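In what follows, a structure is listed as C-alpha cells, so that the remarks can point back to it.
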Amino acid sequence: MSAPSLTRQRARVGWFLTLPALVVVAAVTIFPVAYSVAISFTRVGLTYDGLRVEDWTLSNYATMLGSSAWREALVFTLGYTVVTVAVELVLGIAVAVLLDRLEVGRGWLLALLLIPWSMITVVSAQLWGYLYNATYGAVTWGLGLLLDEPPVILGTPAPAITAMAVADIWKTTPFVAVIVLAGLVRIPAERYEAAEVDGAGAWRTFVSVVLPALRPVVAVAVLFRVLQAFGIFDLPFVLTQGGPGTATQSLAMLGYRALFHDLDMGMGAAVATATGLLVLGCCLLFLRVFRSHVDEAGEGGAT
Amino acid sequence: MALRRRSLLTAGVGVGVGVAALAGCGGGRGGAPDLARAAEVPRGEVTVRWWSFPMATGDGRDLRTLLIDAFRRHHPTITVETVDAPAVTDVSRAVLATAVAGGAASPDLYLGDVAWPAQFAHNALALPLDSVVGAGYWDAYPEPLVRAVGHAGDSYAFPFYVDQAYLYYRRDLLDRHGLAVPGSWEELAEAVRVVTRAGDAEYGLAFQGAVYEGLTANVAEFVADAGGAILDEEGTRVTLGGRSGERALTFLRDLVADGVAPRAVGTFREQDSTDAFVGGRALFLRNWAYVWGVVEAPDSPVAGRVGAVPRPGFADGAAAGHGCLGGWCNFVNPHSEQPGAAVAFARFCAEEEAQVIMMRNTSYLPALTAVRAGAEARRSSTPVLAAADEVRLVARPTGTPHYPQVSKALATHVNTLLTGGATPAEALAHARDGIAAALEGTAL
C-alpha cells in the first residue's frame, strides 16, 4: 500500500474526524452501560442528597444466583429464545423461498407480510390479549369448539408460554423472511443451472446450493432475533405480567421490576448486567460457530 | 467488525473505573429538606406544580380545577399548575422515583398511591410531615389510613381520597330466586349454586386473581376475614400462616375448585372482573368503590339492577365487612423550591372544604372521617358512599419499604394456587418464605 508514516497520519486524521461521533457513542452507550455495571456491585441508598453508594459488594449477584425467581426467568428466557428463533427461522426461510419463486404480486405480498412486523409490540400484544381472553377471546371460543373444556390460555403455564411464542412468531417471522429474501435474490442463476446440470433435484438444490449461500444472511437474522428475543419485555408485560405464577417472567421483566418497582438499583443493575453478559456470550459463541461454517462455504471472511 | 477485543476491553475498564469514582461522589444536591420553610405559607406570588390525573365530576368537569379555584380563594398568591401523570400506577411511580431521586424540584407535590409511603420514605422521595403539621393532625383520619401514610415514626403523605373494596351483587337475580344478600361467604357460595344451576348466571363471584397487586389486596381481605394479617404492625415480620392463613387460602382455592369463581379468575384484573359482571355473566363481584360508577353508567347493561354492600365474612370467623384500603394521597417533593406552598395545597386537599367538594361533585370517597361518616355521606343515594364508614379498612402489607417484593411474593404464590399449580399448604409455605426474604431485602 503506502509508507507506514502516511498510514499513521491517515489514521490520526481518521480518529480526529470520528472523535465527535465516538464521544456521542461513549456518552449514550458506553457510559450508561459501565455505570450500570458499576452500580451492580454496590448497595445503593437513595437519600435527600441523591444516590449514595453504601457499600461495594457482591451481594446482589449472590442473591440473584441464589434466587429461584432468577433461575426460572433464565430458563424461561433461554427456552423461549431458542424455540421462537428456531421456528421463526424455519418459517421465515419457507416464506422467503416462496416469495422468491413468486412471479407476480411479490411486492404486494411483501408489504402485506410486513404489517405484523411494523406493528408496535404493545399494540399487537394487546390485540393478542383480546384473542386469548378467557371470557370473550376468539381463540378460547375456537378451542371450545374442539375441546370439552378449553384451557384458560393465559392462566395456565404451558398454554400461556405457547400463546406468547405464537404472538412473537406471528410478529417476527416476516422480519426473518425479508432478510432471507435479500440473500436469496443474490444467489446467481448460474448456480441453479449448474445444480440442474449435475442432476440435483429440488430438495438437493435447496440443501446444497441455497442454504450454504444463505448462511451469512441467516447469521445476521439469527443474531438480531436472539438479541431481541433475549431481551423480551413488552410482550409478557402486556399479555401476562409474567404470570401465571412466574411462568412467563423474562429476565428483562425481572430487572425492570427490581429497578422500578422495588427501587433496588443494585439488584436491577445486576440482573441487567448478567443478562447482557449472557446474551453477549451467546452471540459470540454463535458467531464463532457460524463464521467457521461461513468460511468453509467460501462466502464470508471479508469484514 | 474490526474492533480489537483488547482495546475494547481496555476502554471498558477505563470507563468503568471512572464511573465507579463518580458514583462514589453522589449527586451533591440539597441535603435534608428545610422543614421550617415547609411549614410556612410563602407571601409573594409563587407557582407550584401538581402531578395528578384528571378526575371527572358529575357534570363533566375536572375536580382539579374546582379544588384549585377553591384553594385560590384562600391563597390568591399561589398558582397551582397541574401536570398529568401517566395513567398506569407503576409507570407513574417509575417516572416520579427517577425524577425525585435525581433531585428534580418539579413536581412540587404529587398524587401517589396509598401503598407508597413506606417505600418513598425509605428512599427519601417524600417530605416528612409530622413536624410540619403536628403529629395530632392525623387524628382526623381513619386509623388504617394514618398507619398507611406513616413510616418509622413520621408521616409522608396527605390523605386525598380513599378507595375501598365492596361486594357488588345482582339484585334482580337474587330477588328472582328469593335469596337475601349474603351475610357470609358460606351463604354467598350457596346463592351462587342456586343461581348458576338455574342458568341465570355463568359465574358466581368475580374477583382479581392475576399476578399483580390487586390479588394482594384480595388476599389481605380474606386473611383478615379469617382473623389474621400478612405482616405485623411494624411491617417487619411475617404473620401470614397458621389457621387464618390456611383458611383464607383454602377458601380461595375452593372458590375456583367448586366453580364459585370462574376458572379464568387467575387472569382477572379489575377491568376483566368488572367486564364479567357488567356483561351479566357474574352474580357477584368484589371490586373497588369506583366500580359503582361503571356498573351504574347509562350504557351499562346491568344498571339499576345492582347493589353494593361491605364484603361478608366467614360464618364463624372474625368480623365481617373488611375492605382493602386503597386510594391516593398527596406527597410533597423534598426538593421542591416552594415546599410551603406545596404543603398548603396538599393540606387544603385533605381538609374539610376540599373533601366536601370532592364528595358532592365526584364519585371519589372522601378520606376525612368527619366527611366520610357525616350525615351528608350517610344520606347519599350511592351505596358505596353511604356505607363508606361501615367498611373495616384492611391495609395491604404496605408498612415495609419492601412492599413491592412482599406483594409480588404473595401474589405469585396465590396465583399459582388459583391456577391449580399448588396446594394451599404449599402456597402458604412458599408465600411465607418469599415474604420473609422480601423483608430482609434479599428477594428478587
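By convention in this document, chain letters (A, B, ...) are assigned in the order of the sequence lines, proteins followed by strands, and residues within each chain are numbered from 1. Values reported hereafter were calculated over all heavy atoms of this structure, with side chains retained and with hydrogens, waters and symmetry mates removed. What you see is a predicted model; the values in this text were computed from it and never measured.
Proximity of a side-chain donor or acceptor of A:Gln241 to a complementary backbone N or O of B:Thr267 within less than 3.5 Å is not detected.
Other residues, nucleotides and ligands place no more than 12 heavy atoms under 6.0 Å from the OH atom of A:Tyr130. The neighbour count for A:Ile120 CD1, taken as heavy atoms of other residues, nucleotides or ligands under 6.0 Å away, does not exceed 12.
Looking at B:Ala101, both its backbone and its side chain come within 4.5 Å of chain A, counting heavy atoms on both sides. Neither the backbone nor the side chain of B:Tyr403 comes within contact range of chain A; no heavy atom of the residue lies under 4.5 Å from a heavy atom of that chain. If you measure heavy-atom distances from B:His413 to chain A, you find no contacts under 4.5 Å at all. Only the side chain of B:Thr98 comes within contact range of chain A, with heavy atoms under 4.5 Å apart. Only the backbone of B:Ala126 comes within less than 4.5 Å of a heavy atom in chain A; its side chain stays farther off. Within the 4.5 angstrom heavy-atom criterion, no atom of A:Val44 approaches chain B.
For the options B:Val91, B:Asn415, B:Leu417, heavy-atom pairs under 4.5 Å to chain A are most numerous at B:Asn415. No other option in A:Arg257, A:Met64, A:Glu149, A:Met267 has as many heavy-atom pairs under 4.5 Å with chain B as A:Glu149. Contact count against chain A (heavy-atom pairs under 4.5 Å) is highest for B:Asn123 among B:Val414, B:Thr412, B:Thr416, B:Asn123.
What you find for B:Arg263 and A:Pro150 is that their closest heavy atoms are NH2-O, 2.7 Å. B:Ala124 and A:Tyr48 get closest at one heavy-atom pair: CB-N, 3.5 Å. The heavy-atom pair separating B:Ala264 from A:Val152 by the smallest distance is CA-CG1, 3.6 Å. Between A:Thr240 and B:Arg269, the shortest heavy-atom contact is C-NH2, 4.3 Å. Taking every heavy atom of both residues into account, B:Thr419 and A:Gly155 meet most closely at CG2-O, 2.9 Å.
Between the CG atom in A:Leu254 and the NZ atom in B:Lys408 there is a gap of 6.0 Å [rounded to 0.5 Å]. The CG atom of A:Asn60 sits 11.5 Å away from atom OG1 of B:Thr442, with the distance rounded to the nearest 0.5 Å.
Here the side chains of A:Thr135 and B:Tyr203 are in contact, with some heavy-atom distance below 4.5 Å. Side-chain contact between A:Asp262 and B:His402: absent, with no pair of heavy atoms (C-beta onward) separated by less than 4.5 Å. Between B:Val100 and A:Leu46, every side-chain heavy-atom pair lies at or beyond the 4.5 Å cut-off. Taking the side chain as every heavy atom from C-beta outward, B:Asp272 and A:Asn133 approach each other to under 4.5 Å.
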